[in-house]
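This report concerns only the one structure given below.
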Amino acid sequence: MTQVTARNFFSRPLRALSTAVLALAAGAVIAHGDVTPQAVDTSSLKQVGKEWLTKNPYLGNKEAIRIGDSAFNQNCARCHGLGAVSGGIAPDLRYLPAGQEGDEIFLQRIRHGATRDGRVYMPPFEGILSQEAMWTIRAWLETVRED
Ligand code: HEC
């Protein structure tokens with residue numbers, strides 16, 4: 001018969017607990033930084049071509065707005081908040097200016113991200129999201145805009 005010592009009495013639940021803690025910690029890391037960008041299917045939209053536009057071609061386009069809503073949730077919401085309502089980590093994108101002025105700020109930032117003193121505040125999305133996908137997000141952002 002195995003003798004139940006204090007040691008093996010505690011070690012099993014403790015090991016289970018530390019495994020759970022490690023799993024949680026790993027989950028937290030994934031939730032914050034290293035989320036794989038999600039592919040955005042824009043094949044149902046008129047394609048934009050290679051040149052970078054200065055103005056959103058999908059402004060008011062319902063299908064683009066639908067795609068952009070989901071693309072935002074998958075790629076941006078973890079920093080900019082669900083529904084673009086910022087929890088304070090990153091700017092509240094509901095307050096980007098309307099129209100082309102906002103389009104330019106938007107495109108610069110989504111393409112190049114934001115790095116200061118070698119720290120990445122926002123990763124660049126150029127080469128990860130297509131230009132079409134970027135503009136769908138902008139089209140959706142216009143629908144939640146606040147003055
Ligand atoms: C890892 C966190 C993170 C992710 C993911 C992220 N951003 Fe950002 N974003 C930031 C931070 C932080 C800033 C502010 C940068 C600064 O102060 O220089 C910012 C700034 C911006 C700005 C400029 C806002 C302004 O008022 O000038 C835009 C536009 C923007 N992000 C769009 C997006 C979009 C669209 C996505 C998704 C495709 C995205 N961001 C994903 C963290 C993030």
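On a predicted model such as this, the values are computed, not experimentally measured, just so you know. We count ligands from 1, going down the list as the structure has it; atoms in each ligand are counted the same way.
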Under 4.0 Å to a heavy atom of [X] - the qualifying atoms of ligand 1, by number:
X: Leu93; result: 22 (C), 24 (C), 28 (C), 29 (C), 30 (C), 32 (C), 33 (C)
X: Ala114; result: 15 (C), 18 (O)
X: Phe106; result: 29 (C), 35 (C)
X: Cys79; result: 1 (C), 2 (C), 3 (C), 4 (C), 5 (C), 42 (C), 43 (C)

Item checked: Region of Phe72 engaging ligand 1 - heavy atom pairs below 4.0 Å ->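 Contact part for Phe72 vs ligand 1: neither.
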
Check: When you look for heavy atoms under 4.0 Å from ligand 1, do you find them on the side chain of Cys76, its backbone, both, or neither?
Finding: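 Contact part for Cys76 vs ligand 1: both backbone and side chain.
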
Margin query: Would you say atom 8 (Fe) of ligand 1 has Met122 as a near neighbour, meaning an N/O/S atom of that residue under 2.8 Å away?
Written below: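 Here the distance criterion (N, O or S atom, under 2.8 Å) is met by Met122, so yes.
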
Notebook entry, point to check: Do any of the N, O or S atoms of His80 sit under 2.8 Å from atom 8 (Fe) of ligand 1?
Noted result: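 Short answer: yes, at least one N, O or S atom is under the cut-off.
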
Item checked: Criterion ring pair (Phe, Tyr, Trp, His ring centres under 6.0 Å) on Trp140 and Phe72, from CA distance to verdict -> CA-CA 8 Å; Trp140 174 74; Phe72 180 91; 4.9 Å; yes

Next item on the list: Would you tell me which option among Arg138, Arg116, Met134 has the nearest heavy-atom contact to atom 16 (C) of ligand 1?
Entry: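 Nearest heavy atom to atom 16 (C) of ligand 1 lies in Arg116.
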
Notebook entry, point to check: Would Gln108 count as a contact of ligand 1 if the rule is a heavy atom under 4.0 Å away?
Noted result: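 Not so, Gln108 does not reach ligand 1.
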
Next item on the list: State whether the number of non-hydrogen atoms from other residues, nucleotides or ligands found under 6.0 Å of Glu51 atom CD is greater than 12.
Entry: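 No, CD of Glu51 has 12 or fewer neighbouring heavy atoms, counting only those of other groups under 6.0 Å.
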
Item checked: Electrostatic pair Arg94:Asp92 at N-O distance under 4.0 angstrom ->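 Asp92 and Arg94: salt-bridged.
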
Margin query: With rounding to the nearest 0.5 angstrom, report the OH to CD distance, Tyr58 to Glu142.
Written below: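 If I round to the nearest 0.5 Å, the distance is 15.0 Å.
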
Next item on the list: Apply side-chain contact (heavy atoms from CB on, under 4.5 Å) to Phe125 and Arg111, showing your working.
Entry: CA-CA 5 Å; Phe125 284 87; Arg111 286 178 65 188; over 6 Å; no

Next item on the list: Kindly indicate, with the supporting measurements, whether the criterion side-chain contact (heavy atoms from CB on, under 4.5 Å) is fulfilled by Ile67 and Asp41.
Entry: CA-CA 8 Å; Ile67 295 168; Asp41 180 6; over 6 Å; no

Check: Could you go step by step and tell me if Cys76 and Ile137 meet the side-chain contact (heavy atoms from CB on, under 4.5 Å) rule?
Finding: CA-CA 9 Å; Cys76 322; Ile137 294 173; 4.1 Å; yes

